[in-house]
Amino acid sequence: MQGAQEQRTQVAIIGGGPAGLLLSHLLHLGGIDSVVLERQSRAHVLKRIRAGVLEPGSVKLLRDAGVGQRMDREGHVHDGSWIAWQDREPFLINTKAHCGKPMVSHGQTAITEELYRVRERDAGLIVDEAENVRLDDITGGAPKVTYEKDGATRTLACDFIAGCDGFHGVSRRCIPARALRTFERAYPFGWLGIMSETPPVGEVIYARHERGFALASLRNPMLSRYYIQCDVGADLMDWPDDRFWEELKQRFPPEIADKIVTGPSIEKSIAPLRSFVAEPMRYGRLFLAGDAAHIVPPTGAKGLNLAISDVFYLQRALIAHFRHGDDRYLESYSDMALRRVWGAVRLSWWLTKLLHVFPDDDEFEMRIKTSEFDYLHASPNAQAALAEQYAGLPFEE
Ligand code: RFL
Ligand code: PHB
């Protein structure tokens with residue numbers, strides 16, 4: 001501490017979402033000090049409903065980090081997710097059979113709550129409602145972060161900055177355009193999602209129907225999560241619960257639709273779909289992780305899992321630097337993280353194309369997609385390849 005308004009830490013972490021909080025916790029376990037600066041209030045962060053499906057590697061990492069108890073108590077362990085196609089018989093992307101490991105449905109909100117709990121237990125410093133965060137001297141020897149809290153300007157001096165502030169954050173924007181390459185695909189539709197306190201169908205089921213994509217998912221035995229493909233400019237006002245349920249049921253094969261229990265929604269939101277990658281994920285002493293560096297459409301359940309694998313690589317690199325003076329992992333962080341990122345970008349782009357109805361889909365496109373589904377349905381080899389990617393490739397040594 002150097003006076004009330006100026007502090008020092010080893011790693012300044014911008015963003016208190018899952019990436020920032022997990023990084024802070026793992027660094028703490030490795031004996032490294034960090035401060036998390038979060039723009040929103042705690043209540044706001046914990047109100048956001050997002051991811052629901054964890055890869056086996058993410059499950060192991062959370063357990064190893066001592067934050068797996070709640071997941072093991074409340075999470076829904078399943079052998080993989082189903083793909084349903086019009087009225088054809090659905091098939092299971094069987095990660096248990098092909099990769100030896102099940103998937104776990106567990107809400108991002110619960111994981112975030114758990115991470116806040118352990119950071120508080122361990123006296124970790126998280127500054128909520130930190131406004132106007134600014135990054136300075138990123139390429140010099142003494143980086144610092146300036147922010148406003150309760151009307152006062154404060155400075156955080158540090159050795160490294162971790163940009164974990166999501167797609168709309170400030171970190172990526174601090175990198176000059178000449179030093180960053182970006183890749184982007186916007187999709188001509190969004191996902192309209194609802195949460196309802198009704199018993200779920202019991203499985204994660206992706207459905208392709210000529211009316212559009214639909215997804216049945218869950219959080220616990222009395223909490224269901226459903227999504228439907230909607231127009232990119234759709235308005236929530238046009239989607240009262242009754243209309244949502246009616247549309248949802250039409251998009252699943254009848255034997256699945258019959259199992260859907262409807263009820264009032266407790267949350268309803270629309271998310272745009274986008275693929276985006278920024279390269280490299282490092283600029284000087286700033287390292288990007290999670291949605292700050294890349295976005296995938298949710299059709300492969302990859303976003304949170306990628307945030308977790310980025311953080312695994314980054315904490316290992318920072319701990320090797322501080323504890324052993326070894327910078328090899330810091331130097332290779334961006335390349336290593338991006339290899340996994342591009343694998344997930346490809347899978348979610350491909351699943352999005354296969355399972356959604358695009359405005360310019362013609363009969364040729366439809367035949368190709370149907371043939372692709374039939375091949376997947378019939379071929380154990382094709383199913384094994386999909387299961388391997390859905391379960392997530394192992395972290396690199
Ligand atoms: P987050 O969660 O966006 O957190 C970033 C945090 O940074 C804060 N922030 C700032 N703080 C300080 N100063 C600033 N200037 C700041 N600007 C922003 C924000 O307030 C926020 O708290 O990013 P993070 O940590 O990288 O985590 C990424 C995940 O949230 C995201 O990838 C997933 O939710 C994506 N996703 C899914 N991922 C999966 O792995 N499995 C799924 O099943 C899954 N389903 C989904 C999803 C995302 C969805 N939406 C809403 C796009 C389903 C949906 C519908
Ligand atoms: C969810 O449960 O919210 C969920 C499940 C699978 C996905 C995306 C979201 O691919």
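Numbering of ligands and ligand atoms starts at 1, following listing order. Since this is a predicted model, take the numbers as computed values, not measurements.
A cation-pi geometry, defined here as NZ or CZ lying under 6.0 Å from the six-membered ring centre and within 45° of its normal, holds between Arg42 and Tyr116. The cationic group of Arg172 does not satisfy the cation-pi geometry with Tyr283, failing either the under 6.0 Å distance to the six-membered ring centre or the 45° limit from the ring axis. With Phe160 as the aromatic partner, Arg285 meets the cation-pi criteria of under 6.0 angstrom to the ring centre and within 45 degrees of the ring axis.
Heavy atoms of Cys164 found under 4.0 angstrom from ligand 1 belong exclusively to the backbone. With a 4.0 Å cut-off on non-hydrogen atoms, Arg50 touches ligand 2 through its backbone and not its side chain. Neither the backbone nor the side chain of Leu306 comes within contact range of ligand 1; no heavy atom lies under 4.0 Å. When non-hydrogen atoms are compared, ligand 1 lies under 4.0 Å from the side chain of Pro298 (C-beta onward) but not from its backbone. Under 4.0 angstrom from ligand 1, the non-hydrogen atoms of Val133 all belong to its side chain. Heavy atoms of Gln108 found under 4.0 angstrom from ligand 1 belong exclusively to the side chain.
Distances below 4.0 Å separate heavy atoms of Arg219 from the following atoms of ligand 2: 1 (C), 2 (O), 3 (O). Near Gly52, the atoms of ligand 2 lying under 4.0 angstrom from a non-hydrogen atom of the residue are 1 (C), 2 (O), 3 (O). For ligand 2, the atoms lying closer than 4.0 Å to a non-hydrogen atom of Arg225 are 3 (O). In the vicinity of Gly17, heavy-atom distances shorter than 4.0 Å reach the ligand 1 atoms 4 (O), 6 (C), 22 (O), 25 (O). The distance from ligand 1 to the heavy atoms of Gly169 drops below 4.0 Å at these ligand atoms: 17 (N). Using a 4.0 Å cut-off to heavy atoms of Asp291, the atoms of ligand 1 that qualify are 23 (O), 26 (O), 28 (C), 29 (C), 31 (C), 32 (O). Below 4.0 Å from some heavy atom of Gly166 lie the following atoms of ligand 1, by number and element: 3 (O), 5 (C), 23 (O). If you number the atoms of ligand 1 from 1 as listed, the ones under 4.0 Å from a heavy atom of Val53 come out as 41 (N), 43 (O). Close approach of ligand 1 to Leu37 (heavy-atom distance below 4.0 Å) involves ligand atoms 11 (N), 12 (C). Residue Gly290 approaches ligand 1 through these ligand atoms, each under 4.0 Å from one of its heavy atoms: 26 (O).
Protein heavy atom closest to atom 6 (C) of ligand 2, with residue, atom name and distance, is Tyr206 OH, 3.5 Å. Among all protein heavy atoms, the one lying closest to atom 52 (C) of ligand 1 is Ala271 CB, 4.0 Å. Nearest non-hydrogen protein atom to atom 8 (C) of ligand 2 is Pro298 O, 3.4 Å. In this structure, the protein non-hydrogen atom closest to atom 37 (C) of ligand 1 is Ala51 CB, 3.1 Å. Summary of contacts: the protein heavy atom closest to atom 27 (O) of ligand 1 is Pro18 CG, 3.5 Å. Protein heavy atom in closest approach to atom 21 (C) of ligand 1: Arg48 NH2, 3.3 Å.
The distance criterion of under 3.5 Å between nitrogen or oxygen atoms is not met by Gln40 with respect to ligand 1. Of the polar atoms of Val53, none of the N or O atoms is found under 3.5 Å from an N or O of ligand 2, judged by distance alone. For ligand 2, the polar-atom distance check finds no N/O of Trp191 at less than 3.5 Å from any of the ligand's N/O atoms. Checked against a 3.5 angstrom limit, the closest N/O atoms of Ser217 and ligand 2 fall inside it. No N or O atom of Tyr227 sits closer than 3.5 Å to an N or O atom of ligand 1. The N/O atoms of Trp191, backbone and side chain alike, include none that comes under 3.5 Å of an N/O atom in ligand 1. Any N or O atom pair closer than 3.5 Å counts here, and Tyr227 shares at least one such pair with ligand 2. Looking at ligand 1, you'll find an N or O of Ala19 within less than 3.5 Å of one of its N or O atoms. Any N or O atom pair closer than 3.5 Å counts here, and Gly52 shares at least one such pair with ligand 1. Backbone and side-chain nitrogen or oxygen atoms of Arg225 are examined, and none is located within less than 3.5 angstrom of a nitrogen or oxygen of ligand 1. Of the N or O atoms in Gly303, one or more lie within a sub-3.5 Å distance of an N or O in ligand 1. On a distance-only criterion, Ala301 and ligand 1 share at least one N/O pair closer than 3.5 Å. Note: an N/O pair closer than 3.5 Å links Arg39 and ligand 1 by distance alone. Checked against a 3.5 angstrom limit, the closest N/O atoms of Pro272 and ligand 1 fall outside it.
In this structure, His78 contributes its side chain and His76 its backbone to a donor-acceptor pair below 3.5 Å. Checked by atom type and distance alone, the side chain of Arg323 pairs as donor or acceptor with a backbone atom of Gly30 at under 3.5 Å. Counting only distance, with no hydrogens or angles, the side chain of Asp327 and the backbone of Leu330 share no donor-acceptor pair below 3.5 Å.
For Lys302, the closest heavy-atom approach to ligand 2 does not fall below 4.0 Å.
Applying the ring-ring contact (aromatic ring centres under 6.0 Å, His included) test between Phe213 and each of Trp85, Trp191, Phe189, Phe358 identifies Trp191 as the sole match.
The local environment of CZ in Arg367 is sparse, with at most 12 non-hydrogen atoms from other residues, nucleotides or ligands closer than 6.0 Å. Around atom NZ of Lys101, no more than 12 heavy atoms belonging to other residues, nucleotides or ligands sit under 6.0 Å away. At most 12 heavy atoms of other shown residues, nucleotides or ligands fall within 6.0 angstrom of atom CD in Glu197. Within 6.0 Å of CZ in Arg328 there are 12 or fewer heavy atoms belonging to other residues, nucleotides or ligands. Around atom CZ of Arg185, no more than 12 heavy atoms belonging to other residues, nucleotides or ligands sit under 6.0 Å away. The environment of Lys249 atom NZ is dense: over 12 non-hydrogen atoms of other residues, nucleotides or ligands sit within 6.0 angstrom.
Side chains of Asn132 and Glu148: a donor on one and an acceptor on the other come within 3.5 Å. For the 3.5 Å distance criterion, the side chains of Gln7 and Thr9 fail to qualify, holding no donor opposite an acceptor. A donor-acceptor contact closer than 3.5 angstrom links the side chains of Arg346 and Gln389. For the residue pair Thr352 / Tyr187, no side-chain donor-acceptor distance below 3.5 Å is found, with atom types taken as modelled.
Atom CG of residue Leu354 and atom CD1 of residue Ile368 lie 11.5 Å apart, to the nearest 0.5 angstrom. Rounding to the nearest 0.5 angstrom, the gap separating the CG atom in Asp374 from the NZ atom in Lys369 is 14.5 Å. Atom NE2 in His324 sits 8.5 Å away from atom CD1 in Ile319 (nearest 0.5 Å). How far CZ of Arg211 is from CD of Glu247: 4.0 Å, rounded to the nearest 0.5 Å.
Both Trp239 and Tyr226 are members of a single hydrophobic cluster when ILVMFWY side chains are connected at heavy-atom separations under 4.5 Å.
Of all the listed residues (Leu304, Asp310, Val296), Leu304 holds the heavy atom that lies closest to atom 38 (N) of ligand 1. Closest to atom 1 (P) of ligand 1 by heavy atom, among Arg42, Arg50, Glu38, is Arg50.
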